[in-house]
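Each remark here refers to the structure printed beneath this line.
Proteins come first, then strands; the chains are lettered A, B, ... in the order of their sequence lines, and each starts at number 1.
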Amino acid sequence: MLHLNGVELMSESDNQLSRYNPQLVETKWQEFWDKEQIFRATPSPDQEKYYVLVMFPYPSGRIHMGHVRNYAIGDLIARYQRLQNRNVLNPIGWDAFGMPAENAAIQKKSHPAKWTYDNIDAMRIELKSMGLSYDWKREFATCDPDYAHWEQDLFLKLYEKNLVYRKKALVNWDPVDNTVLANEQVIDGKGWRSGAAVERKELSQWFFKITQYADELLEGLEKLPGWPETVKTMQTNWIGKSHGVEFAFKIKGHKEVFGQEPTPEDSTMDVYTTRPDTIMGVTFCSVAAEHPLAKLTAKYNPKAQEFIHSCQSTGTSEEALEKLEKKGFDTGLKAIHPFTGEEIPVFIANFVLMSYGTGAVMAVPAHDQRDFEFAKAYDIPIRVVIQGDGELLDSQTMTEAYVGPGKLLNSAEFDNLDNETAKQTIAQAFDKKGIGRATINYRLRDWGISRQRYWGNPIPMINCKKCGVVPVPVEQLPIPLPKDVELTGAENPLVTHPTWKECTCPKCGDAAQRETDTMDTFMESSWYFLRYCSPDEQNAPLNTQEVNHWMPVDQYVGGIEHAVLHLLYARFFHKALRDIGEVDCDEPFINLLTQGMVRKDTLNCPEHGWLYPNEADESKGKYRCVKCEKDVTVGRNEKMSKSKNNVVDPNDLIAGYGADTARLFMLFAAPPDQDLEWNESGVDGAWRFLNRLWRLLVDIQDRYQGAKPITTTPKNSALKKLRGKVHETIERVTRDMERQQYNTGISAVMEMTNAGGKILSAGEVTDDPEAGSVLMELAHVAVILLNPYTPHITEELWQMLGQEGHLGKARWPKVDPKALVKDEITIVVQINGKLRSRLITPADISKEELEKAALADEKIVANLAKVTVRKVIVIPGKLVNIVAN
RNA sequence: GCGGGUGUGGUGGAAUUGGUAGACACGCCAGAUUUAGGAUCUGGUGGCGCAAGCUGUGGAAGUUCGAGUCUUCUCACCCGCACCA
């Protein structure tokens, strides 16, 4: 019996000639990898490092197809890089804080920690059944006391650096989850998780100064060529940098309107505009409902108050906004135009946002669509100040605002300037007058991280009546969550717990209270990739030396849904940690691969609603419900989701076909960044290929046991051609690995094994003295090239081929350039670009000879009988195109 | 509305980046094999045509000896943002 590091080859009765048994093979190799710690990563000075990272899962209890795809891709990259002799770090862990654990605890009257750790145990088994090459020694969950401890520590370090602050803020309140949401977590005015309509509420909140890094986050994108354009565009738009001018209007009329003299604050109004070139077209101003001038007006005028109220109660849903009419309320106050001295009305308008710029805008109806609509509704003058090429604009007849480029008119000393130049000239004019200056504005706002939830990491702060906000001293960390809580969903147990929040102020020693908010769970995912580098570090959040050895992440793999949220927070947090000396590099993720969704048809029965795939019978393209025989509507092909029942459980797939088949299918069915349509027969195809491969290699080993892979050029031309195919395949698969088009890599190997199978079954050259070594080379190459896709079966076949050791020690094959040299090639002959004939010529044929041969070809001669040749284009090695008429 | 992307056989998808369109697979058709494991093997398979051939990459035009690939316009679908001044 053969042995390999204590692992037995399949027993005699079950060996070489027997069928491919994935369950046996996979269990065997998973145990071997585990026992021998094959994928343990330790820094090594001799090898180039490679850090591959997959987005860690939330421990929901079961893996889904999205995980399988994500981790199959990540593992393929890890194994490929190992074969390229790189020292690979491929870690995994658990994004373990969050609301589902609390909801489950409420439902089951248990504790979130128990639910979470039970789920992790279940999911770990599932992940292990996939045969992923993780360094499991680095595994952690973000709810581990250790991880929470060092996160609190980092929070305090950033607080010291003045990157964290607290302020009262109007927040997005999710009434179902009873918590605050960041702007990024509000989608179409609804909570990203609960789907409930978000309300506005004013609360004291902790913020990270992400806006301080807005410019670097924006510019950093340019240094990331390995990121998809879509993600970079989304982040660019999210940051929303704009150049403009901020200036102040003098405000008058307080006495007339309110019967009161203005306070200094009330007598001016700051506005921000990106269009200073249209300054002479300003005919009114508008302010947000929350603007101080609006509030002032409301104080004296109940109708204004009513109007403001109606603004705030309008929904923020997509539809509501789209149909929302432009409405305003005239404050009666007048703004003084800074250049003309003209008095213009100031309105409270329902479409002005308090949270962007200054909450007040100068309105130019002729050149801004919103202002145009507003002016039409309230009969405000429209003044054209930019004239584009073409027809003359007429303020009386124009039906929409002109927002294009052009020359200035009706603009006094600025007349005839082109508007781009005017932006600068006028900005300077503001500066000279001392009432305004060029400003940069961002759409991005600071990251609010306070959450009124139990199952999160406590914010390590103390509120003292005397001293105010005081940070918890580092030596008192960690602040653990209380274990003795009962979750009801009504109120945060950290608030209601009898003792947890009570403490003494570190400054004055008086009784004080802890901050009861916990941190946004995006905090945990903002530095987990750093903690992976030194997961056991006991004295600090990070071991800087180890972190700097492994960082940055060379390849990050995950879902596109994190394009803005997680990926922007993580970039920011990383840069902040860089600035407190925790890590050296500027960007955490050099290359980003965003995999597409796994989708499946949805089935809907008129009686039973959404059906599971096995609840409908298919015949002739029609589906019937197995329960009621009614016709089933086949809905759109959609992302697999529990609510639509269009899910396939990866565990069933792995139990039935094995992990290798599941992985192969996932990687073969589509390029990784594209959506993947789930298709049962595609799985069968992958399964059959692995069986064919198995049989082919068993056949080769049977016939040519002991043959050494060939290293020279075979004499027989069929064998030479086959060897050419082998090396062409190495070249193609290598290229596909580098360009991350894994589906075509598999195709290439399939072509190669098909060619090998053909030679064997044809039987013509199987007795050639070199046949064995050519086929043995093919077998070896097939095994190694496929190892990143299907690790278990390739290990088993490697061993079956009599190889010492395991594939962890193998190296990616090298192309023998001699093997790629072809004796003859096929040349296409076209007439006027249409295919007319093919020539088989020696590979080294000269241009002239090729032209001659093409023109002498029978079919070509026949086709040229009635026309005159005008020109002949010869592309050596490819084609000849004859231009004739 | 703005920004980004995608349209190729019955299906998933290829096409060395301007040079044989449809690789590889699924499905289907025909045949072989008394066929023990989700069969396997051989051949065929874009459309039209008996054939030579014609035609064909959402549509229209253009550049080019030559266009799935480049340019312009247009249609459809998908994703993101959405009154950001």
Side-chain angles (χ1 to χ4, degrees), chain A residues 19 187-188 228-238 240-242 244 271-275 278 285-286 316 318 321-322 324 326 349-353 355-364 367-371 373-374 441-445 560-561 563-564 596-597 621 636 656-657 661 665 668-671 673-689 691-692 695 728 731-732 735 741 743-751 754 757-758 761 826-838 870-875 877-884:
Chain A
R19 357 184 326 267
I187 296 151
D188 293 346
E229 281 308 317
T230 46
V231 175
K232 288 193 276 189
T233 310
M234 281 162 78
Q235 292 208 353
T236 303
N237 292 343
W238 193 265
K241 182 177 185 173
S242 73
V271 297
Y272 171 75
T273 180
T274 55
R275 295 297 305 272
T278 61
C285 285
S286 36
T316 44
E318 188 178 4
L321 280 177
E322 202 163 336
L324 193 64
K326 302 273 177 290
N350 63 348
F351 61 91
V352 177
L353 304 173
S355 50
Y356 183 79
T358 60
V361 295
M362 65 176 220
V364 186
H367 305 291
D368 181 283
Q369 187 56 28
R370 293 157 302 184
D371 298 341
E373 286 167 30
F374 193 89
N441 226 312
Y442 299 90
R443 185 181 172 277
L444 181 72
R445 273 162 256 149
I560 184 82
E561 65 271 24
V564 183
M597 297 180 297
R636 241 185 57 199
Y657 290 90
T661 294
F665 167 73
F668 179 60
D673 53 342
Q674 232 172 76
D675 280 2
L676 181 146
E677 195 185 329
W678 184 259
N679 176 317
E680 216 61 50
S681 59
V683 179
D684 270 334
W687 162 256
R688 274 184 242 160
F689 170 68
N691 278 281
R692 271 202 308 279
R695 287 194 301 267
E728 182 199 310
E731 199 177 38
R732 282 171 64 183
R735 195 183 78 229
Q741 196 167 297
N743 55 331
T744 48
I746 300 170
S747 300
V749 177
M750 282 173 169
E751 281 184 47
N754 287 350
K758 234 171 204 162
S761 62
T826 306
I827 299 288
V828 170
V829 186
Q830 301 176 327
I831 295 174
N832 295 331
K834 284 184 183 171
L835 178 67
R836 284 290 178 255
S837 184
R838 284 172 231 265
R870 302 289 173 195
K871 197 174 172 187
V872 181
I873 287 137
V874 182
I875 310 292
K878 291 223 159 100
L879 59 71
V880 177
N881 189 12
I882 300 161
V883 187

Protein-nucleotide distance ([X], atom [atom1]; [N], atom [atom2]), rounded to Å:
X        : N     : atom1 : atom2 : result
A:Met597 : B:C79 : CE    : P     : 7 Å
A:Asn754 : B:A23 : CG    : C1'   : 11 Å
A:Asn832 : B:A67 : CG    : C1'   : 15 Å
A:Gln830 : B:G18 : CD    : P     : 16 Å
A:Met750 : B:A23 : CE    : P     : 14 Å
A:Ile831 : B:G53 : CD1   : C1'   : 14 Å
A:Gln369 : B:C2  : CD    : P     : 11 Å
A:Lys232 : B:G80 : NZ    : C1'   : 17 Å

Looking only at atom [atom1], what distance separates [N] and [M], rounded to whole Å?
N     : M     : atom1 : result
B:A21 : B:A67 : C1'   : 11 Å
B:G4  : B:U8  : P     : 22 Å
B:A60 : B:G68 : P     : 13 Å
B:G53 : B:G43 : C1'   : 24 Å
B:U17 : B:U63 : P     : 26 Å
B:G27 : B:G13 : C1'   : 14 Å
B:C65 : B:C26 : C1'   : 39 Å
B:A25 : B:U64 : C1'   : 35 Å

Taking the cut-offs as 6.0 angstrom to the six-membered ring centre and 45 degrees off its axis, would you call A:Lys326 and A:Phe351 a cation-pi pair?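 The answer is yes; both the distance and angle limits are met.
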
Polar side-chain contact A:Arg275-B:A85 base: donor and acceptor under 3.5 Å: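 Side chain to base: no pair present.
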
Contiguous Watson-Crick or G-U pair runs (3 or more, under 3.5 Å) in RNA chain B: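 As far as RNA chain B goes, consecutive pairing (with distances under 3.5 Å) yields the stems B:1-7 with B:75-81, B:10-12 with B:24-26, B:27-32 with B:40-45, B:46-48 with B:53-55, B:58-62 with B:70-74.
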
Who passes side-chain contact (heavy atoms from CB on, under 4.5 Å) against [X], sequence neighbours left out?
X        : result
A:Arg688 : A:Asp684, A:Arg692
A:Glu731 : A:Val815, A:Leu820
A:Thr233 : A:Asn237

Drop me the distance from A:Thr661's OG1 to A:Phe668's CZ, to the nearest 0.5 angstrom.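 Nearest 0.5 Å value for the OG1-CZ distance: 13.0 Å.
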
By nearest atom, which of the nucleotides [options] is closest to the [X] side chain?
X        : options             : result
A:Lys878 : B:U16, B:U55, B:C24 : B:U16
A:Lys834 : B:G4, B:U55, B:A25  : B:U55
A:Trp238 : B:A85, B:C83, B:A82 : B:A82
A:Arg443 : B:A82, B:G19, B:A23 : B:A82
A:Thr274 : B:C65, B:A25, B:A85 : B:A85
A:Arg370 : B:A85, B:C41, B:C24 : B:A85
A:Ser681 : B:C84, B:G27, B:G3  : B:G27
A:Lys326 : B:G4, B:C83, B:A85  : B:C83
A:Asn237 : B:G3, B:C24, B:U55  : B:G3
A:Ser747 : B:C65, B:C24, B:G43 : B:C24

Just to be sure I understand the rule, does A:Val352 reach a base, reach only the sugar-phosphate, or reach nothing, if contact means heavy atoms closer than 4.0 Å?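 Counting heavy atoms under 4.0 Å across all strands, the contact made by A:Val352 includes a base.
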
Using a cut-off of 4.0 Å on non-hydrogen atoms, how would the nucleic acid contact of A:Gly357 be classed: base, sugar-phosphate, or nothing?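 Counting heavy atoms under 4.0 Å across all strands, no contact is made by A:Gly357.
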
Would you name the heavy atoms of [X] and [Y] that are closest together and state the gap between them?
X        : Y        : answer
A:Val271 : A:Thr358 : CA-OG1, 3.3 Å
A:Asn691 : A:Trp687 : ND2-O, 2.8 Å
A:Asp371 : A:Met362 : OD2-O, 4.0 Å
A:Ser242 : A:Tyr272 : OG-OH, 2.7 Å

N/O to N/O distances under 3.5 Å, protein versus nucleotides 36-39 of chain B:
from  : atom 1 : to       : atom 2 : distance (Å)
B:G38 : O6     : A:Gly656 : O      : 2.6
B:G38 : N2     : A:Tyr657 : OH     : 2.5
B:G38 : N3     : A:Tyr657 : OH     : 3.3

Closer than 4.0 Å, any side-chain N/O of A:Tyr272 to the OP1 or OP2 of B:C84?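 For B:C84, OP1/OP2 do not have a side-chain N/O of A:Tyr272 under 4.0 Å.
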
Just by modelled atom types, is the A:Met597 backbone N or O under 3.5 Å from a matching donor or acceptor in the A:Asp675 side chain?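 The answer is yes, because a donor-acceptor pair under 3.5 Å joins these two groups.
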
Quick one: does A:Asn881's side chain have a donor or acceptor within less than 3.5 Å of a partner on A:Gly833's backbone?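 Present.
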
With syn defined as a glycosidic torsion within 90 degrees of 0 and anti otherwise, which applies to B:G4?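 Chi for B:G4 falls in the anti range.
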
Based on the glycosidic angle (syn within 90° of 0, else anti), state the conformation of B:U45.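 The base of B:U45 is oriented anti (glycosidic angle more than 90° from 0).
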
Could you walk me through whether A:Glu229 and A:Lys232 pass the salt bridge (Lys or Arg N to Asp or Glu O under 4.0 Å) test, one step at a time? CA-CA 5 Å; A:Glu229 281 308 317; A:Lys232 288 193 276 189; 3.5 Å; yes

Stepwise side chain to side chain contact (heavy atoms under 4.5 Å, CB included) check, A:Thr744 with A:Arg732: CA-CA 9 Å; A:Thr744 48; A:Arg732 282 171 64 183; over 6 Å; no

May I have the step-by-step check of side chain to side chain contact (heavy atoms under 4.5 Å, CB included) for A:Phe665 and A:Trp678, ending in yes or no? CA-CA 9 Å; A:Phe665 167 73; A:Trp678 184 259; 3.4 Å; yes

Which residue, A:Tyr356 or A:Lys758, contacts RNA chain B at a nucleotide closer to its 5' end, judged by nearest heavy atom?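 Nearest nucleotide further toward 5': that of A:Lys758.
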
Base-contact (B) and sugar-phosphate-only (S) positions in nucleotides 5-15 of chain B, heavy-atom cut-off under 4.0 Å, - elsewhere: -------BSSS

Please walk me through it: do A:Ile882 and A:Asn832 pass side chain to side chain contact (heavy atoms under 4.5 Å, CB included)? CA-CA 6 Å; A:Ile882 300 161; A:Asn832 295 331; over 6 Å; no

